[in-house]
Amino acid sequence: MIRIVKKLGAWGAVLPLLGYCAIALGLPVWAILWEGVHQTNPNTQQTATTLSNLTASWHGIYLTGLLTSLRLSLLSSVISAIVGLLAAYAIAQSKGRYFKQAVLTASGVLANFGGIPLAFCFIATIGTGGVFLSWIESVWPSFSLETFAGVALVYPYFLIPLMVLTTLPALDGLREQWKEASANLGGTSWQYWRHVGGPLLLPAALGGFVLCFGSGFAAYATAKALTSGTVPLVTTQIANILSGNVIAGEDNLGMALAFNTIIICGLMMAVYLPLRKRSAKWLES
């Protein structure tokens with residue numbers, strides 16, 4: 001056994017991880033795909049292979065839900081990327097070591113604070129009446145937590161800390177000597193960020209944006225608790241189908257919707273990982 005591991009070299013060390021990923025991730029994805037391309041006739045109870053589920057998932061109300069989810073994720077991730085990047089820069093410029101540790105700890109907690117607890121906090125704070133809601137309605141009369149705008153307001157609460165956690169290491173990796181060298185050569189602050197700091201920070205910033213986009217797209221409990229399904233999102237549509245709120249014979253349509261979600265989240269990770277690797281390579285060199 002030891003000889004086999006030595007022959008495999010580095011692959012021998014990652015084989016347990018690959019096996020775990022194949023079982024914990026590969027098998028569920030394969031099961032979802034298998035169910036998505038099959039359909040059971042409610043009369044004869046016979047199962048047949050078909051692409052009708054995948055085709056239906058890209059049309060009608062399901063296409064509307066997918067587009068709404070993409071629009072919500074894009075809006076909330078843009079807001080979170082901008083605010084989170086500015087917050088991370090302010091934290092990186094702070095000289096307090098304990099302050100940074102406290103902010104990182106808080107960000108780690110808040111980045112995982114989505115779901116029903118987050119929805120309850122906003123409902124308890126804003127709700128259907130009160131001072132906070134009156135302030136918002138004075139500027140935005142049609143605002144409500146049960147609408148698309150309300151969900152878009154809540155999502156950045158857990159996406160901004162995620163952006164901070166993603167970009168703060170890259171900001172800490174920017175060396176002060178680079179800025180001093182730029183100033184000694186006559187460069188302005190704008191020129192430093194345009195030619196040195198910006199290009200080095202861009203992969204990490206784009207990676208954080210992609211990660212926020214994927215997290216917002218896959219979120220379910222927060223939107224469900226806030227809107228009770230009135231805002232058409234692909235995640236709530238999947239939940240409705242899996243809970244039995246479907247037409248007879250269309251049970252596997254939820255699997256097709258889930259497979260579409262896996263594809264989109266997989267594409268997000270395929271973009272994020274090279275950006276993260278490139279940023280780490282530049283900042284460690």
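Just so it is clear, the values below take in all heavy atoms, side chains as well, and ignore hydrogens, waters and symmetry mates.
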Taking the side chain as C-beta and beyond, is there a heavy-atom pair between [X] and [Y] under 4.5 Å?
{"X": "Asn260", "Y": "Trp58", "result": "yes"}
{"X": "Val83", "Y": "Pro156", "result": "no"}
{"X": "Phe217", "Y": "Thr235", "result": "no"}
{"X": "Leu70", "Y": "Phe213", "result": "yes"}
{"X": "Met268", "Y": "Leu211", "result": "no"}
{"X": "Thr147", "Y": "Thr227", "result": "no"}
{"X": "Leu85", "Y": "Leu201", "result": "yes"}
{"X": "Gln191", "Y": "Thr188", "result": "yes"}

How long is the span from the [atom1] atom in [X] to the [atom2] atom in [Y], to the nearest 0.5 Å?
{"X": "Leu75", "Y": "Arg71", "atom1": "CG", "atom2": "CZ", "result": "8.5 Å"}
{"X": "Phe209", "Y": "Ser80", "atom1": "CZ", "atom2": "OG", "result": "9.5 Å"}
{"X": "Leu226", "Y": "Leu118", "atom1": "CG", "atom2": "CG", "result": "7.5 Å"}
{"X": "Asn184", "Y": "Gln177", "atom1": "CG", "atom2": "CD", "result": "11.5 Å"}
{"X": "Phe148", "Y": "Leu233", "atom1": "CZ", "atom2": "CG", "result": "8.0 Å"}
{"X": "Ile91", "Y": "Ser107", "atom1": "CD1", "atom2": "OG", "result": "5.5 Å"}

Heavy atoms only: give me the nearest [X]-[Y] pair and the separation to one decimal.
{"X": "Ala92", "Y": "Asp172", "result": "CB-OD1, 3.7 Å"}
{"X": "Leu168", "Y": "Ala88", "result": "CD1-O, 3.4 Å"}
{"X": "Ile123", "Y": "Ala225", "result": "CD1-O, 4.1 Å"}
{"X": "Ile23", "Y": "Pro28", "result": "O-CD, 3.5 Å"}
{"X": "Ser77", "Y": "Leu159", "result": "N-CD1, 4.5 Å"}
{"X": "Ser57", "Y": "Leu257", "result": "CB-CD2, 3.5 Å"}

When you measure from the side chain of [X] to the backbone of [Y], do you find a donor-acceptor pair of N or O atoms at a distance under 3.5 Å?
{"X": "Thr64", "Y": "Gly60", "answer": "yes"}
{"X": "Thr166", "Y": "Gly208", "answer": "no"}
{"X": "Gln237", "Y": "Gly254", "answer": "no"}

Derivation and outcome, side chain to side chain contact (heavy atoms under 4.5 Å, CB included), residues Tyr62 and Val234: CA-CA 7 Å; Tyr62 302 113; Val234 65; over 6 Å; no
Evaluation steps, side chain to side chain contact (heavy atoms under 4.5 Å, CB included), between Val151 and Leu72: CA-CA 8 Å; Val151 180; Leu72 174 63; 3.6 Å; yes
Examine [X] and [Y] and state if one hydrophobic cluster contains both, with Ile, Leu, Val, Met, Phe, Trp and Tyr joined whenever side-chain heavy atoms are less than 4.5 Å apart.
{"X": "Phe122", "Y": "Phe120", "result": "no"}
{"X": "Ile61", "Y": "Ile241", "result": "yes"}
{"X": "Ile262", "Y": "Tyr220", "result": "no"}
{"X": "Ile116", "Y": "Phe158", "result": "no"}
{"X": "Leu25", "Y": "Leu33", "result": "no"}

Check: Thr230/Ser228 side-chain N/O donor and acceptor closer than 3.5 Å: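 The answer is no; no qualifying pair exists.
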Test log, rule side chain to side chain contact (heavy atoms under 4.5 Å, CB included), inputs Asn53 and Met255: CA-CA 8 Å; Asn53 292 326; Met255 297 300 180; over 6 Å; no
Candidate pair Phe113 and Val109, rule side chain to side chain contact (heavy atoms under 4.5 Å, CB included), full reasoning: CA-CA 6 Å; Phe113 191 64; Val109 173; 5.5 Å; no
Atom CG of Leu63: over 12 foreign heavy atoms under 6.0 Å: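 Atom CG in Leu63 is crowded, with more than 12 foreign heavy atoms closer than 6.0 Å.
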Ring centre gap for Trp193 and Tyr89 strictly below 6.0 Å: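 Ring centroids of Trp193 and Tyr89 are less than 6.0 Å from each other.
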